[in-house]
Amino acid sequence: EAQAAGAQVLALRVDVSRADQMEALGAAVLARFGAPHFVFNNAGVGSGGLIWENTVKDWEWVLGVNLMGVVHGVRVFTPMMLAAAKKDPAWRGHIVNTASMAGLLAAPNMGIYNVSKHAVVSLSETLYQDLSLVTDQISASVLCPFFVPTGISQSHRNRPGDLPADKPTKSQLIGQAMSDKAVGSGKVTAAEVAQEVFDAAAAGQFYIYSHPKAIASVQTRMEDIMLGRNPTGYCFVSGFGTHSPLDLHHRPSQGDTVRDPVPGLLVGGPNPSQQDSDKCPPYPSKLPALSYLDHVRSCASNEIAINWNA
């Protein structure tokens, strides 16, 4: 498409976790185009599960792509951009590193991903500060998207053969199901986020959000830190049980024999007492956050668990 529009294109398959491959990419770009005006360190993969259940290979894979990919991009391209700026006072450049809202929060059951994205936010903030010490011609931004329908929930399809995954644990299966549902239901498109990135770069804006309203959760985390409170818990729409929720406000109703969502009710919970256990199939877990059951007779347990998450 880019070539058809008259743009010059250099397409290379690169493992961003590999320093040698990223250095080769940088050399090829410099030889073909000169120093790039824009660098987007965007490659990312996802992996979930309880943090102690992740293997060394899980850590190597996720940190290799999500963190070291950005490290290599900054290390390879920033010097050539600075050199171009030094030669031409009118030259301008911008680096955008893709982190995530997971780089500003610390949700459960996605520890490796959280760690990698927190590191990218810190790296990007430092890059912004370091660039400001030496030039006003190049700057940086960090992109923190929330749930955008891309292929990241299926990133295991690109997992390298030398870093194979073990048989998934129950928590990892749950994490995968939750990720599939959350990412797949996203309403903000990748194209819309891309436009936001260009607009922010043009405006010199550092923090870029796909879902600005999600910042309320970041504010809560910052208040926890400032006030010395224990981390505020999270409640997710899990999709566990015999059927996954039709919507965020789905609760099956036996009385009207209609499977459509009941207006005004929210999926979640349950109450820790699991008071419907005598009427329903066994709950998946005794833990409130893991025991959602989508069943017509699980009325009390499927409402939002205000009692335990307040």
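What you see is a predicted model, and the numbers here were worked out from it, not measured in a lab.
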Novice: Could you check whether any side-chain heavy atom of Ser47 comes within less than 4.5 Å of a side-chain heavy atom of Tyr113, counting everything from C-beta outward?
Specialist: no
Novice: Would you give me the side-chain donor-acceptor pairs under 3.5 Å for residues 86-93, sequence neighbours excluded?
Specialist:
residue, atom, partner, partner atom, Å
Asp88, OD1, Ala90, N, 2.9
Trp91, NE1, His37, NE2, 3.3
Arg92, NH1, Pro89, O, 2.9

Novice: Given 3.5 Å as the limit, does a donor-acceptor pair link the side chain of Asn114 with the main chain of Gly103, or not?
Specialist: no
Novice: Does the ring center of Phe40 lie less than 6.0 Å from the ring center of Phe198?
Specialist: yes
Novice: For the side chain of Glu125 and the backbone of Ser122, is there at least one donor-acceptor N/O pair under 3.5 Å apart?
Specialist: no
Novice: At their closest point, which heavy atom of Gly44 faces which heavy atom of Asn66, and how far apart are they?
Specialist: CA-OD1, 3.2 Å
Novice: Given the rule that I, L, V, M, F, W and Y join up when any side-chain heavy atoms are under 4.5 Å apart, are Val16 and Leu143 in one cluster?
Specialist: no
Novice: Gln172 side chain to Thr169 main-chain N or O, any donor-acceptor pair under 3.5 Å?
Specialist: yes
Novice: Indicate if Leu10 and Val14 have the same hydrophobic cluster label, given that clusters are the connected sets of ILVMFWY residues with side-chain heavy-atom separations under 4.5 angstrom.
Specialist: yes
Novice: Side chains of Thr55 and Asp58: any donor to acceptor distance under 3.5 Å?
Specialist: yes
Novice: Mind checking the CG-CD spacing from Asp166 to Glu53? Nearest 0.5 Å is all I need.
Specialist: 11.0 Å
Novice: With side chain to side chain contact (heavy atoms under 4.5 Å, CB included) as the test, would you mind laying out the steps for Met80 and Val39 before giving the verdict?
Specialist: CA-CA 11 Å; Met80 65 177 72; Val39 172; over 6 Å; no
Novice: Do Phe77 and Leu25 have side chains that approach each other closer than 4.5 Å (heavy atoms only, starting at C-beta)?
Specialist: yes
Novice: Hey, are Asn42 and Thr98 close enough side-chain-wise for a donor-acceptor pair under 3.5 Å?
Specialist: yes
Novice: Within the structure provided, determine whether Met101 and Tyr209 are in side-chain contact (heavy-atom separation under 4.5 Å).
Specialist: yes
Novice: Are Leu67 and Leu123 close enough that some pair of their side-chain heavy atoms sits under 4.5 Å apart?
Specialist: yes
Novice: Compare every heavy atom of Leu127 with every heavy atom of Ala140, then report the nearest pair and how far apart it is.
Specialist: CB-CD2, 3.8 Å
Novice: Looking only at side chains, do Glu223 and Gln219 share a donor and an acceptor under 3.5 Å apart?
Specialist: yes
Novice: Using atom types as modelled and distance alone, determine if a side-chain donor or acceptor of Ser141 lies under 3.5 Å from a backbone N or O of Gln205.
Specialist: yes
Novice: Scan side-chain atoms only and decide if Arg75 and His72 contain a donor-acceptor pair under the 3.5 Å cut-off.
Specialist: yes
Novice: So, the side chain of Arg18 versus the backbone of Asp15: is there a donor-acceptor pair under 3.5 Å, distance only?
Specialist: no
Novice: Rounded to the nearest 0.5 Å, what's the gap from NZ on Lys117 to CG on Asn97? Could you check?
Specialist: 9.5 Å
Novice: Ignoring hydrogens and angles, tell me if any N or O in the side chain of Arg221 forms a donor-acceptor pair with the backbone of Ile225 under 3.5 Å.
Specialist: no
Novice: Taking all atoms of both residues into account, what is the closest heavy-atom pair of Ser210 and Val193, and its distance?
Specialist: CB-CG2, 3.8 Å
Novice: With a 4.5 Å cut-off on side-chain heavy atoms, are Phe206 and Ser124 touching?
Specialist: yes
Novice: When you measure from the side chain of Asn54 to the backbone of Gly111, do you find a donor-acceptor pair of N or O atoms at a distance under 3.5 Å?
Specialist: no
Novice: Do the side chain of His156 and the main chain of Gly46 share a donor and acceptor less than 3.5 angstrom apart?
Specialist: no
Novice: Applying side chain to side chain contact (heavy atoms under 4.5 Å, CB included), run through Lys170 and Leu50 and close with a yes or a no.
Specialist: CA-CA 9 Å; Lys170 183 177 180 180; Leu50 298 171; over 6 Å; no
Novice: Among the clusters formed by ILVMFWY side chains lying less than 4.5 Å apart, do Val71 and Ile95 turn up in the same one?
Specialist: yes
Novice: Begin from the C-alpha positions of Arg32 and Gln8 and carry the test side chain to side chain contact (heavy atoms under 4.5 Å, CB included) through to its verdict.
Specialist: CA-CA 9 Å; Arg32 177 74 177 275; Gln8 296 185 51; 3.8 Å; yes
Novice: Which heavy atom of Val148 sits nearest a heavy atom of Val188, and at what distance?
Specialist: CG1-O, 3.3 Å
Novice: How far apart are the C-alpha atoms of Leu131 and Leu82, what are their side-chain angles, what is the distance that settles it, and do they pass the side chain to side chain contact (heavy atoms under 4.5 Å, CB included) test?
Specialist: CA-CA 9 Å; Leu131 285 170; Leu82 288 169; 4.3 Å; yes
Novice: Are Val96 and Val74 connected, step by step, through hydrophobic side chains (Ile, Leu, Val, Met, Phe, Trp, Tyr) whose heavy atoms are closer than 4.5 Å?
Specialist: no
Novice: Can you confirm whether Lys57 sits close enough to Pro164 that some side-chain heavy atom of one is under 4.5 Å from a side-chain heavy atom of the other?
Specialist: yes
Novice: Could you state whether Met110 and Val121 fall into the same hydrophobic cluster, counting links through intermediate Ile, Leu, Val, Met, Phe, Trp or Tyr residues with side-chain heavy atoms under 4.5 angstrom apart?
Specialist: yes
Novice: To the nearest 0.5 Å, what is the distance between NZ (Lys187) and CZ (Phe147)?
Specialist: 13.5 Å
Novice: Atom CH2 in Trp61, atom CG in Leu163: separation rounded to 0.5 Å?
Specialist: 9.5 Å
Novice: For Leu30 versus Ala35, what's the shortest heavy-atom pair and its separation?
Specialist: CD1-N, 3.6 Å
Novice: Does the side chain of Thr220 come within less than 4.5 Å of Arg229's, by heavy atoms?
Specialist: yes
Novice: So, taking the atom named CE in Met222 and the one named CD1 in Ile215, what distance separates them when rounded to the nearest 0.5 Å?
Specialist: 10.0 Å
Novice: Indicate the atoms forming the closest heavy-atom contact of Pro36 with Met81, along with that distance.
Specialist: O-CG, 3.5 Å
Novice: Could you give the distance from SG (Cys144) to CD1 (Ile208), rounded to the nearest 0.5 Å?
Specialist: 8.5 Å
